[in-house]
A.B. asks: 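I have a structure I would like to understand better, so I am pasting it below and will then ask my questions one at a time.
What you see is a predicted model, and the numbers here were worked out from it, not measured in a lab.
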Amino acid sequence: MINISQTLNTINSLPQDNTLYLLEKLPCGTGIFASNGNILYIVPNNELCDSLGIRTDFLHLETNVFVTAFNTSVSSFENGYYNYVELQLSNIPNIEENVNAFVNLCLAHASYMNGQEFVAFFDSLVSLFQLPREQHYKNLIGLMGELLFIEHIFSEYELDISSYWHTEGSSSQLDFVSPTVNFEVKTTSSDSLRFTIKHNQLFGNHEQTYLVAVSLEESNAGRSLESVISSLQENPNCCNSMQFSVNIEREKRRISPHDLRSKKFILKRICAYSATAINPFGLIPDCVEDMSYKLDLLPFKDVAFSDIVKALHLNK
């Protein structure tokens, strides 16, 4: 059994000099190595794979790479062609948990697959360590919309609503819950104002609930999510609580680190709708549960934020 905490300490203590350092020898000529602050699983290229390089946010695959032992007299591995998959530790969330999963899966591959079918093994790692691209993007858009809403209310009305954001962490039923007003934020990067609604969530027993619609346009002239987060956290009068910082770090883990920095957006429109006014149904029968549907907001009139903020100010 590999001690993950000890392994991470070893990786952090090693020089970043492009050298492979053996951490654990595994069956069938495979092994766990460290290099440049990352952890690698290396197997002999017995399948004669052609040279191939693939990168995802957290993983890096290379096949048919020639590896030379620094000192052949003491090395446990012969010079030759190998395949490897590298786990990028600088970007990955829940590092001990994910390194433990990576090591266990590599051990299983070495033990049960004898180091064979390496590319298929890499594909299985991708499915476990990467969110689907579509979900990454949805999470990115959603968080951008919620933070731009916080920024908008503060810049226009000098009111910090960050303490109402995700008050119960990831299990919060609504995005913002205050003693007087609640908000659910829906964000889109298209021209449509059609959103998926969970009926009981938005039209439950909540007084003064509003649906906030945020429209974004992806553009190199816009701002990245990373820059929006930095702007909010550097503001001495807004978003400077421990809970906000915890929520930010939790949400960032659901987003591609690359997209966090590189995807840029322009805020096109932000508006609010009274949940009572846009409810398309009357009473829902008790036999109907978890009803979801698409709701187009274009036919409905939005509510001025200045009117909503008056109710929020009652808390101050």
A.B. asks: Can you tell me how far CG of N98 sits from CD1 of I4, rounded to the nearest 0.5 angstrom?
C.D. replies: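 Separation between the atoms: 11.0 Å.
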A.B. asks: Stepwise, does the ring-ring contact (aromatic ring centres under 6.0 Å, His included) test hold for F281 with Y293?
C.D. replies: CA-CA 11 Å; F281 299 103; Y293 47 85; 5.3 Å; yes
A.B. asks: Taking F149 as the fixed residue, which of Y164, Y157, F176 is the one that meets the ring pair (Phe, Tyr, Trp, His ring centres under 6.0 Å) rule?
C.D. replies: F176
A.B. asks: When you measure from the side chain of N38 to the backbone of A34, do you find a donor-acceptor pair of N or O atoms at a distance under 3.5 Å?
C.D. replies: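 The answer is no, because no donor-acceptor pair under 3.5 Å joins these two groups.
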A.B. asks: Who pairs with E249 by salt bridge (charged side-chain N to carboxylate O under 4.0 Å, His left out), at least two apart in sequence or on another chain?
C.D. replies: K252
A.B. asks: Measuring from E62:CD to F122:CZ, what's the distance to the nearest 0.5 Å?
C.D. replies: 9.5 Å
A.B. asks: Please test V103 against I39 for side-chain contact (heavy atoms from CB on, under 4.5 Å), starting from the C-alpha separation and ending with a verdict.
C.D. replies: CA-CA 9 Å; V103 168; I39 188 168; 3.9 Å; yes
A.B. asks: Using only atom types and a distance under 3.5 Å, with no angle test, would you say the side chain of N9 pairs donor to acceptor with the backbone of S5?
C.D. replies: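 At least one qualifying donor-acceptor pair exists.
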A.B. asks: Do the side chains of F121 and L105 get nearer than 4.5 Å, heavy atoms only?
C.D. replies: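 Of all side-chain heavy-atom pairs linking F121 with L105, at least one is under 4.5 Å.
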A.B. asks: Step through it carefully: locate the ring centre of F58, locate the ring centre of F102, and say whether they are under 6.0 Å apart.
C.D. replies: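 Here the rings of F102 and F58 have centres that are no less than 6.0 Å from each other.
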A.B. asks: Please determine, by modelled atom types, if K294 and T196 share a side-chain donor-acceptor pair under 3.5 angstrom.
C.D. replies: yes
A.B. asks: Dump the intermediate steps for side-chain contact (heavy atoms from CB on, under 4.5 Å) on I248 and L147, then the final yes or no.
C.D. replies: CA-CA 10 Å; I248 284 290; L147 297 185; 3.9 Å; yes
A.B. asks: Find out if a path of hydrophobic residues (ILVMFWY) with successive side-chain heavy-atom gaps under 4.5 Å connects Y21 to F33.
C.D. replies: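 Result: no, two separate clusters.
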A.B. asks: Taking all non-hydrogen atoms of both residues into account, name the closest pair between I153 and L159 and its distance.
C.D. replies: CG2-O, 3.5 Å
A.B. asks: Is it true that, when you exclude E78 itself, more than 12 heavy atoms of the residues, nucleotides or ligands shown sit nearer than 6.0 Å to its CD?
C.D. replies: no
A.B. asks: Looking only at non-hydrogen atoms, find the nearest pair between A311 and V181 and report the distance.
C.D. replies: CB-CG2, 3.5 Å
A.B. asks: How many angstroms lie between CD in Q173 and CD in Q201, if you round to the nearest 0.5 Å?
C.D. replies: 6.0 Å
A.B. asks: Between I278 and L202, is there a side-chain heavy-atom distance shorter than 4.5 Å?
C.D. replies: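 Result yes, sub-4.5 Å side-chain heavy-atom pair found.
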A.B. asks: Could you measure the distance from the CG atom of N100 to the CD1 atom of I2? Nearest 0.5 Å is fine.
C.D. replies: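 Here the rounded value is 9.0 Å.
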A.B. asks: Test your reading of the model: is there a side-chain donor-acceptor pair from T10 to the backbone of Q6, 3.5 Å cut-off?
C.D. replies: yes
A.B. asks: Following the transitive rule for hydrophobic clusters with a side-chain heavy-atom cut-off under 4.5 Å over Ile, Leu, Val, Met, Phe, Trp and Tyr, establish whether F154 and L143 coincide in one cluster.
C.D. replies: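 Result: no, two separate clusters.
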A.B. asks: Taking the side chain from S111 and the backbone from A108, do they hold a donor-acceptor pair closer than 3.5 Å?
C.D. replies: no
A.B. asks: Only pairs at least two apart or in different chains count here, so list each salt bridge (Lys or Arg N to Asp or Glu O under 4.0 Å) that has a residue in residues 214-239.
C.D. replies: E151-R223, E218-K263
A.B. asks: Say you draw a straight line from SG of C271 to NZ of K301; how long is it, rounded to the nearest 0.5 Å?
C.D. replies: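 Atom-to-atom, C271:SG and K301:NZ are 11.0 Å apart.
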A.B. asks: Using side-chain hydrogen bond (donor to acceptor under 3.5 Å, both in side chains) as the criterion, point out the one residue from Q243, E146, E251 that pairs with W165.
C.D. replies: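 Result for side-chain hydrogen bond (donor to acceptor under 3.5 Å, both in side chains) with W165: E146.
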A.B. asks: Between Y84 and F118, what is the shortest heavy-atom contact and its length?
C.D. replies: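 Shortest heavy-atom contact: C-CZ, 3.6 Å.
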A.B. asks: For A272 and I308, work out which heavy atoms get closest and say how close.
C.D. replies: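 Smallest heavy-atom distance, with atoms named: CB-CD1, 3.6 Å.
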A.B. asks: Does F244 reach the side chain of V246, with side-chain heavy atoms less than 4.5 Å apart?
C.D. replies: no
A.B. asks: OG1 of T63 to OH of Y81: how many Å apart, nearest 0.5 Å?
C.D. replies: 12.0 Å
A.B. asks: Would you say CD of Q116 has more than 12 non-hydrogen atoms from neighbouring residues, nucleotides or ligands within 6.0 angstrom?
C.D. replies: yes
A.B. asks: Please determine whether the number of non-hydrogen atoms from other residues, nucleotides or ligands lying under 6.0 Å from atom CG of N12 exceeds 12.
C.D. replies: yes
A.B. asks: Can you run down the side-chain hydrogen bond (donor to acceptor under 3.5 Å, both in side chains) pairs that involve residues 40-49, sequence neighbours left out, and say none if there aren't any?
C.D. replies: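 Passing the test, one end in residues 40-49: Y41-H109, N45-N64, N45-N83.
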A.B. asks: F77 and Y82: side-chain contact (heavy atoms from CB on, under 4.5 Å), yes or no, with the steps?
C.D. replies: CA-CA 10 Å; F77 288 77; Y82 290 83; 3.8 Å; yes
A.B. asks: With a 3.5 Å distance limit and no angle check, can you tell me whether D160 reaches the backbone of C239 through a side-chain donor-acceptor pair?
C.D. replies: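 Present.
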A.B. asks: Measure the shortest side-chain to side-chain distance between L216 and I266 over non-hydrogen atoms and say whether it is less than 4.5 angstrom.
C.D. replies: no
A.B. asks: Return the minimal non-hydrogen interatomic distance between I32 and C106, and the atom names on each side.
C.D. replies: CD1-CB, 3.8 Å
A.B. asks: Any heavy-atom pair between the side chains of Y210 and S274 that's under 4.5 Å?
C.D. replies: yes
A.B. asks: Who pairs with K198 by salt bridge (charged side-chain N to carboxylate O under 4.0 Å, His left out), at least two apart in sequence or on another chain?
C.D. replies: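 For K198, no residue satisfies salt bridge (charged side-chain N to carboxylate O under 4.0 Å, His left out) once neighbours in sequence are set aside.
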A.B. asks: Quick one: salt bridge (charged side-chain N to carboxylate O under 4.0 Å, His left out) partners of D17, sequence neighbours excluded?
C.D. replies: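 Residues passing salt bridge (charged side-chain N to carboxylate O under 4.0 Å, His left out) with D17: none at all.
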A.B. asks: Short question: side chain of T188, backbone of S215 - any donor-acceptor pair under 3.5 Å?
C.D. replies: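 No; zero donor-acceptor contacts below 3.5 Å.
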A.B. asks: Identify whether L298 and Y273 are in the same connected component of the hydrophobic contact network (ILVMFWY, side-chain heavy atoms under 4.5 Å).
C.D. replies: yes
A.B. asks: side-chain contact (heavy atoms from CB on, under 4.5 Å), that's the test. Do E184 and T209 meet it? Break it down for me.
C.D. replies: CA-CA 8 Å; E184 178 66 14; T209 296; 5.5 Å; no
A.B. asks: Let me check something: do I284 and F203 share a hydrophobic cluster, defined by ILVMFWY side-chain heavy atoms less than 4.5 Å apart, either directly or through other members?
C.D. replies: yes
A.B. asks: Any side-chain heavy atom of H166 within less than 4.5 Å of one from D175?
C.D. replies: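 H166 vs D175: side chains touch.
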A.B. asks: Would you say that N200 contacts M291 through its side chain, given a criterion of any heavy-atom pair below 4.5 Å between the two side chains?
C.D. replies: no
A.B. asks: Please report the closest heavy-atom contact between L8 and E96, naming both atoms and the distance.
C.D. replies: CD1-CG, 3.5 Å
A.B. asks: Transitively linked via ILVMFWY side-chain contacts under 4.5 Å: L87 with L52?
C.D. replies: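 Yes, it is one cluster - the side chains of L87 and L52 are joined through contacts under 4.5 Å.
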A.B. asks: Answer whether the closest heavy-atom distance between the side chains of C238 and I150 falls below 4.5 Å.
C.D. replies: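 Heavy-atom side-chain distance check passes, below 4.5 Å.
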A.B. asks: Have N235 and N240 got a donor and an acceptor in their side chains that come within less than 3.5 Å?
C.D. replies: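 Absent: no donor and acceptor within the cut-off.
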A.B. asks: By the rule that ILVMFWY residues connect when side-chain heavy atoms come within less than 4.5 angstrom, directly or transitively, which residues belong alongside M113?
C.D. replies: none
